[in-house]
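This report concerns only the one structure given below.
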Amino acid sequence: MDLRTERIESLKVGAIGGFAFCLADIVARLANAQIPIDLDSLPRFAGIEGLIGGAIALSSGFLFGVTYRYIVRSDDNSHLRDGAVLAFGLVRGLAPIAAQSTLALDWGSSIVFGVESLLCYLIARLALDLAFHNQWVQPMK
């Protein structure tokens, strides 16, 4: 493939990763919300906080997708695939811990966020693997 085609494939893979990650993140946020969603928790979904969270999720998934395409190439190595999910999930999951004082750290919600991060990246990976398998997009050669 030429350089232009490779870039288009990377954009398509990034879009799939971003979309899948964003959907998984929305489900995770809804699972953490009080059901029924009360007016106090509504800004997390509809306000500026929701928009920022959605943009972060979309960009995280997009970058994961593009990087995942380069990591797995045309290999069938499950360790590479698992390692990509683990690396991205750990970085996202541990970032809030690094940003907070250990004295004020809420370990319970930090662990939940870390597990959610891993699951969101796993869902993005599964969507990308499905897209590669069905040849909707092409991995790097």
Give me the atom names and distance for the closest heavy-atom approach of Ala124 to Ala20.
CA-CB, 3.8 Å
Check the pair His133 / Asp129 against side chain to side chain contact (heavy atoms under 4.5 Å, CB included), numbers first and verdict last.
CA-CA 6 Å; His133 178 74; Asp129 286 343; over 6 Å; no
Quick check: closest heavy atoms across Tyr70 and Ser10, and the distance to 0.1 Å?
OH-OG, 3.5 Å
Side chain of Ser59, backbone of Ile56: donor and acceptor closer than 3.5 Å?
yes
Should Phe132 and Ile16 be regarded as members of a common hydrophobic cluster, given that ILVMFWY residues are connected when their side-chain heavy atoms come within less than 4.5 Å of each other, either directly or indirectly?
yes
Whether over 12 other heavy atoms sit under 6.0 Å from Arg7 CZ:
no
Smallest separation among heavy atoms of Leu90 and Leu118, with atom names
N-CD2, 4.2 Å
ILVMFWY network linking Tyr68 to Val137, side-chain heavy atoms under 4.5 angstrom
yes
Say whether, by atom type as modelled, one donor and one acceptor occur between the side chain of Asn77 and the main chain of His79 under 3.5 angstrom.
yes
Are any non-hydrogen side-chain atoms of Glu6 and Arg69 less than 4.5 angstrom apart?
yes
Considering non-hydrogen atoms only, spot the tightest contact between Gly54 and Arg29 and give its length.
N-NH2, 3.1 Å
If hydrophobic clusters are built from ILVMFWY residues whose side chains come within less than 4.5 Å, do Leu11 and Val66 share one?
yes
Under 4.5 Å between side-chain heavy atoms, counting indirect links through other Ile/Leu/Val/Met/Phe/Trp/Tyr residues: same cluster for Leu119 and Leu30 or not?
no
Flag yes if Val72 and Phe21 sit in one hydrophobic cluster, no otherwise; membership is Ile, Leu, Val, Met, Phe, Trp, Tyr, and two members link when side-chain heavy atoms are under 4.5 Å apart.
yes
Answer yes or no: are there more than 12 heavy-atom neighbours, outside Phe19 itself, under 6.0 Å from its atom CZ?
no
Minimum heavy-atom separation for Cys22 to Leu58, with atom names?
SG-N, 4.3 Å
Spacing of CZ belonging to Phe113 relative to CG belonging to Leu94, to within rounding of 0.5 Å
10.0 Å
Rounded to the nearest 0.5 Å, how far apart are CE of Met140 and CD of Glu9?
10.5 Å
Phe88 side chain near Ser117 side chain, heavy-atom distance below 4.5 Å
no
Could you pull out the closest heavy-atom pair between Ala57 and Asp25, with the gap in Å?
CB-OD2, 3.6 Å
